[in-house]
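A quick write-up on the structure given underneath.
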Amino acid sequence: QVQLVESGGGLVQAGGSLRLSCAASGRTFSSYVLAWFRQAPGKEREFVAAIRWTSGTTYYADSVKGRFTISRDKAKKTLYLQMNSLKFEDTAVYYCAADPSIIVHTTRREYDYWGQGTQVTVSS
């Protein structure tokens, strides 16, 4: 079992920055993919970014490319999402997720473990 707990969400003005954290426990991540998803009201949960835990290779949705940075601290077993140049459209509940696979997936159903989500609200 893997437990994931997000933190760092809040209210921020458009153009501002915010960093989300996801603390993991219960298992190592030697062959895991860690990812961030988000879900706005009335919309499907969508892929934001992913990182290979071991190598640090990253993947991004086009909508956040160049603005968001996913990273991880192996020693702290913590996943991060640095969000810069935030837009109103970034408003959503953000979830971290873990997939015990070397293959990077961008669909919700492939991820076995999920955090509870943290609200990010960007004011225009």
Side-chain angles (χ1 to χ4, degrees):
Q1 285 281 356
V2 174
Q3 293 80 46
L4 304 171
V5 180
E6 299 100 334
S7 63
L11 176 65
V12 64
Q13 292 183 330
S17 298
L18 203 62
R19 189 174 78 158
L20 306 182
S21 299
C22 175
S25 63
R27 186 70 69 181
T28 57
F29 304 101
S30 297
S31 60
Y32 274 64
V33 173
L34 276 295
W36 289 97
F37 286 75
R38 67 186 182 186
Q39 187 166 20
K43 298 183 66 177
E44 295 289 327
R45 191 169 299 184
E46 66 174 349
F47 172 80
V48 175
I51 186 169
R52 297 187 186 276
W53 188 258
T54 300
S55 69
T57 304
T58 58
Y59 306 83
Y60 296 94
D62 289 341
S63 60
V64 305
K65 188 77 172 181
R67 299 189 298 120
F68 290 10
T69 302
I70 187 171
S71 62
R72 86 284 193 239
D73 187 318
K74 291 182 179 180
K76 296 180 179 179
K77 297 180 66 176
T78 301
L79 179 73
Y80 301 100
L81 184 68
Q82 178 66 47
M83 304 182 292
N84 298 326
S85 302
L86 281 163
K87 305 174 181 179
F88 177 76
E89 307 90 81
D90 295 318
T91 296
V93 176
Y94 283 71
Y95 300 87
C96 64
D99 176 21
S101 174
I102 191 64
I103 301 172
V104 176
H105 298 286
T106 59
T107 54
R108 177 182 181 176
R109 66 180 181 274
E110 299 295 338
Y111 287 81
D112 292 340
Y113 306 102
W114 293 86
Q116 81 287 351
T118 186
Q119 177 71 48
V120 172
T121 302
V122 183
S123 61
S124 59

Completion exercise
Heavy-atom closest pair (F68 atom, V48 atom, distance to 0.1 Å) is CD2-CG1, 3.8 Å
Practice task
Walk me through it: do W114 and R108 pass the test side chain to side chain contact (heavy atoms under 4.5 Å, CB included)?
Solution key: CA-CA 10 Å; W114 293 86; R108 177 182 181 176; 3.6 Å; yes
Fill in the blank from the handout: Shortest non-hydrogen pair, S71 vs L79, comes out as O-CD1, 3.4 Å
Problem - Verify same cluster id: W53, V2 (apolar side-chain graph, 4.5 Å) - result: yes
Handout entry: Separation of F37 CZ from C96 SG (nearest 0.5 Å)
Key = 11.0 Å
Fill in the blank from the handout: For G10 and L18 the tightest heavy-atom approach is N-CD2, 3.9 Å
Problem - CD on Q119 to OG1 on T91, rounded to 0.5 Å - result: 7.5 Å
Completion exercise
Heavy atoms of A61 and F47 approach each other most closely as CB-O, 3.4 Å
Practice task
Give the cluster check for L34 versus Y59: same hydrophobic cluster or not, with ILVMFWY residues linked at side-chain heavy-atom distances below 4.5 Å.
Solution key: no
Problem - Euclidean distance, T78 OG1 relative to L4 CG, rounded to 0.5 Å - result: 10.5 Å
Exercise for the section: Of all the heavy-atom pairs spanning S63 and R38, show the shortest one and how long it is. Expected result: OG-NH2, 3.6 Å
Practice task
Identify whether I70 and Y113 are in the same connected component of the hydrophobic contact network (ILVMFWY, side-chain heavy atoms under 4.5 Å).
Solution key: yes
Practice task
Please report the shortest heavy-atom distance between T54 and R72, naming the atom on each side.
Solution key: O-NH2, 2.9 Å
Handout entry: Atom pair CG/OG1 of D99 and T107 - distance to nearest 0.5 Å
Key = 8.5 Å
Exercise for the section: Kindly compute the distance separating OG (S123) from CD (Q13), expressed to the nearest 0.5 Å. Expected result: 5.0 Å
Handout entry: Side-chain donor or acceptor of Q39 paired with backbone N/O of A92 under 3.5 Å
Key = no
Handout entry: Y95 six-ring face occupied by R45 cation (under 6.0 Å, within 45°)
Key = yes
Problem - ILVMFWY network linking Y80 to V64, side-chain heavy atoms under 4.5 angstrom - result: no
Fill in the blank from the handout: When rounded to the nearest 0.5 Å, the distance separating OG of S17 from CZ of R19 is 11.5 Å
Problem - Cluster link V33 to I51, ILVMFWY, side chain under 4.5 Å - result: no
Problem - Within-4.5 Å side-chain heavy-atom neighbours: D90 and M83 - result: no
Practice task
Count the heavy atoms belonging to other residues, nucleotides or ligands that lie under 6.0 Å from NZ of K74, then report whether that count exceeds 12.
Solution key: yes
Handout entry: Backbone N/O of V5 and side chain of Q116: donor-acceptor pair under 3.5 Å
Key = no
